[in-house]
Amino acid sequence: MKEIQRYELIGKEFFQLSTLELAKALLGCLLVKESKEGVASGYIVETEAYMGPLDRAAHSYNNRRTKRTEVMFGEAGLVYTYVMHTHCLVNVVSGEIDRPEAVLIRAVEPFEGLELMYKRRGMMKETNLTSGPGKLTKALGISREDYGRNFYEPPLFIAKGYTPDSISSGKRIGIENSGEAKDYPWRFWITDNPFRSR
DNA sequence: CCGCGGATAGCA
DNA sequence: GCTATCCGCGGT
C-alpha cells in the first residue's frame, strides 16, 4: 500500500476516451509494474491504435473473436498481452464493450527500477532498455500472466505522469501485410523523445 | 541490411 | 499439421 501512495492513480473512466484520443492521452503517463523482484516503471512515449473490425492490422479485424482476442471485446482499461516469437507485447483495451479496439504500448522512458531493468535486459545504453514493444515488457516484467487484468489497479497500472510538449504521428510499424491499413497514421509518439522505438 | 529464433493462435 | 505474426538481435 505504501508503494501506491507515491502515484497519482487514474480511474477507469480515463480509458473511456475514443481509441485514437486514448492513444495520445497515454503519452506521458507512467506505466508501473510491481513484482516480487521489485517495482519498475516508465513514462509512455510511443503508442499505436488498433481500430478493431475495420482495421486489417488488428487481431480483431472482421470481428474475429477467439480465445486470444476475447479481452478486446471487454471494457476499456483491460490488459491485452500476447506473445509473438520470443517476445510479449502489451496493449490497453479501448472502446465500448463489444468494440474490440486497443492501444499498443510501443516504448517507455525508464523512470524507476533501473537496476531491475538492467538485470532483466542486460547492460546496454539506457535508450535501448525499453525502446520497443518487446523490450519494455521484458524490462518491466510484463507477461502473458497479465492478460485480462486492468490498468487501474496493481500490480500493473497506469498513473499520471506529465503532459507532453508536442505529439507526432505516423504510420504503424510491422504491419506490411495489412493492405491499405499499413498507411494509416495511427502511431503516436512524444516529439523528439530519445526513448521511442527505431 | 538479412535471417533466424522457437511461442502461440488460428485455421485447414 | 502448417503458417503467419502489432519483434529483437547479432551477423553481414
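The structure presented is a predicted model; accordingly, all values stated were derived computationally and were not measured. Just so we're on the same page: letters track the sequence lines, and every chain starts at 1.
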Colleague: Please map the stems of DNA chain C, keeping only stretches of three or more Watson-Crick or G-U wobble pairs with both distances under 3.5 angstrom.
Modeller: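 Detected stem regions: B:1-5 with C:7-11, B:7-11 with C:1-5.
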Colleague: Ignoring the backbone of Arg121(A), work out which of dC7(C), dG8(C), dC6(C) is nearest its side chain.
Modeller: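 Among the listed nucleotides, the one closest to the side chain of Arg121(A) is dG8(C).
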Colleague: In this structure, how many angstroms lie between the P atom of dC6(C) and the OH atom of Tyr184(A), rounded?
Modeller: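 One finds 16 Å between P of dC6(C) and OH of Tyr184(A), rounded.
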Colleague: What about Phe151(A) and Phe157(A), are their ring centers closer than 6.0 Å?
Modeller: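 No, they do not, as the ring centres are separated by 6.0 Å or more.
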Colleague: Measuring from Arg99(A):CZ to Met51(A):CE, what's the distance to the nearest 0.5 Å?
Modeller: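 CE of Met51(A) is found 7.0 Å from CZ of Arg99(A).
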Colleague: Has Tyr50(A) got its ring stacked on the base of dC6(C), with centres under 5.5 Å and planes less than 30° apart?
Modeller: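 Yes, Tyr50(A) stacks on the base of dC6(C), since the ring centres sit under 5.5 Å apart and the planes are within 30°.
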Colleague: Would you mind checking if Lys33(A) and Asp146(A) are paired as a salt bridge, meaning a charged N to carboxylate O distance below 4.0 Å?
Modeller: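 Yes.
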Colleague: Give the rounded distance in Å between these two atoms: CD1 of Ile173(A) and C1' of dC6(C).
Modeller: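 My rounded result for the distance is 10 Å.
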Colleague: Heavy atoms from C-beta onward define the side chain here; which of dC6(C), dT8(B), dC9(C) lies closest to that of Arg144(A)?
Modeller: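 Nearest nucleotide to the side chain: dT8(B).
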Colleague: Between dC6(C), dT5(C), dC9(C), which nucleotide gets closest to the side-chain atoms of Tyr80(A)?
Modeller: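 The closest nucleotide is dC6(C).
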Colleague: Do NZ/NE/NH1/NH2 and the carboxylate oxygens of Glu109(A) and Arg196(A) come within less than 4.0 Å?
Modeller: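 The answer is no: the pair does not qualify as a salt bridge.
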Colleague: Measure the distance from CD on Glu145(A) to C1' on dT8(B) and round it to the nearest whole Å.
Modeller: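 These atoms are roughly 15 Å apart.
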Colleague: Tell me: CZ of Arg64(A) to C1' of dC6(C), nearest whole Å?
Modeller: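 For the pair Arg64(A) CZ and dC6(C) C1', the rounded distance is 12 Å.
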Colleague: Would Arg144(A) and Tyr82(A) count as a cation-pi pair here, with the cationic atom under 6.0 angstrom from the ring centre and within 45° of the axis?
Modeller: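 The answer is no; the distance or angle limit is not met.
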Colleague: So how far is it from Lys138(A) NZ to Cys88(A) SG, rounded to the nearest 0.5 Å?
Modeller: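 So the NZ of Lys138(A) and the SG of Cys88(A) are separated by 12.5 Å.
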Colleague: Hey, is the side chain of Lys182(A) poking within less than 4.0 Å of OP1 or OP2 on dC6(C), counting only N and O atoms?
Modeller: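 Answer is no, no contact under 4.0 Å.
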Colleague: Rounded to whole angstrom units, what separation is found between the CZ atom of Arg172(A) and the C1' atom of dC6(C)?
Modeller: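 Distance, rounded to whole Å: 8 Å.
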Colleague: Can you see whether Phe73(A) has Arg65(A) sitting over its ring - NZ or CZ less than 6.0 Å from the centre and within 45° of the normal?
Modeller: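 Geometry flag: set, cation within 6.0 Å and 45°.
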Colleague: So which one's nearest nucleotide on DNA chain B is more toward 5', Arg68(A) or Met84(A)?
Modeller: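 Nearest nucleotide further toward 5': that of Met84(A).
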Colleague: Quick one: label Arg187(A) by what it contacts on the DNA or RNA (base, sugar-phosphate, nothing), any heavy atom closer than 4.0 Å.
Modeller: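 No contact at all - Arg187(A) keeps every heavy atom at 4.0 Å or more from the nucleic acid.
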Colleague: Quickly work out the Tyr61(A) OH to dA4(C) P distance and round it to whole Å.
Modeller: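 To the nearest whole Å, that distance equals 17 Å.
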Colleague: Is His59(A) near enough to dC6(C) that one of its side-chain N or O atoms lies under 4.0 angstrom from OP1 or OP2?
Modeller: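 So the side chain of His59(A) is within the cut-off, an N or O lying under 4.0 Å from OP1 or OP2 of dC6(C).
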Colleague: Using only atom types and a distance under 3.5 Å, with no angle test, would you say the side chain of Arg64(A) pairs donor to acceptor with the backbone of His59(A)?
Modeller: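 Checking the backbone N and O of His59(A) against the side chain of Arg64(A), a donor-acceptor pair under 3.5 Å is found.
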Colleague: Taking CG from Asn177(A) and C1' from dT5(C), how many angstroms apart are they, rounded to a whole number?
Modeller: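 Atom CG in Asn177(A) sits about 10 Å away from atom C1' in dT5(C).
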Colleague: Find the distance Tyr82(A):OH to dA7(B):C1' and express it as a whole number of Å.
Modeller: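 Tyr82(A) atom OH is separated from dA7(B) atom C1' by 12 Å.
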Colleague: Please list, in numerical order, the residues of residues 86-111 of chain A that have a heavy atom closer than 4.0 Å to any atom of DNA chain C.
Modeller: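 Result for residues 86-111 of chain A: His87(A), Leu89(A), Asn91(A), Leu104(A), Arg106(A), sorted by number.
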Colleague: Between Lys135(A) and Ser60(A), just flag the one whose closest nucleotide in DNA chain C comes earlier from the 5' side.
Modeller: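 Comparing both residues, the 5'-ward one is Ser60(A).
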Colleague: Would you indicate which nucleotide in dT5(C), dT8(B), dG8(C) comes nearest to any side-chain atom of Val83(A)?
Modeller: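 So the side chain of Val83(A) is nearest to dT8(B).
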Colleague: Between Asn63(A), Thr69(A), Val93(A), Asp55(A), which is the residue that forms a side-chain contact (heavy atoms from CB on, under 4.5 Å) with Pro100(A)?
Modeller: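 Single side-chain contact (heavy atoms from CB on, under 4.5 Å) partner of Pro100(A) among Asn63(A), Thr69(A), Val93(A), Asp55(A): Asn63(A).
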Colleague: Does Tyr50(A) have its ring centroid less than 6.0 Å away from the ring centroid of Tyr61(A)?
Modeller: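 No, ring centres 6.0 Å or more apart.
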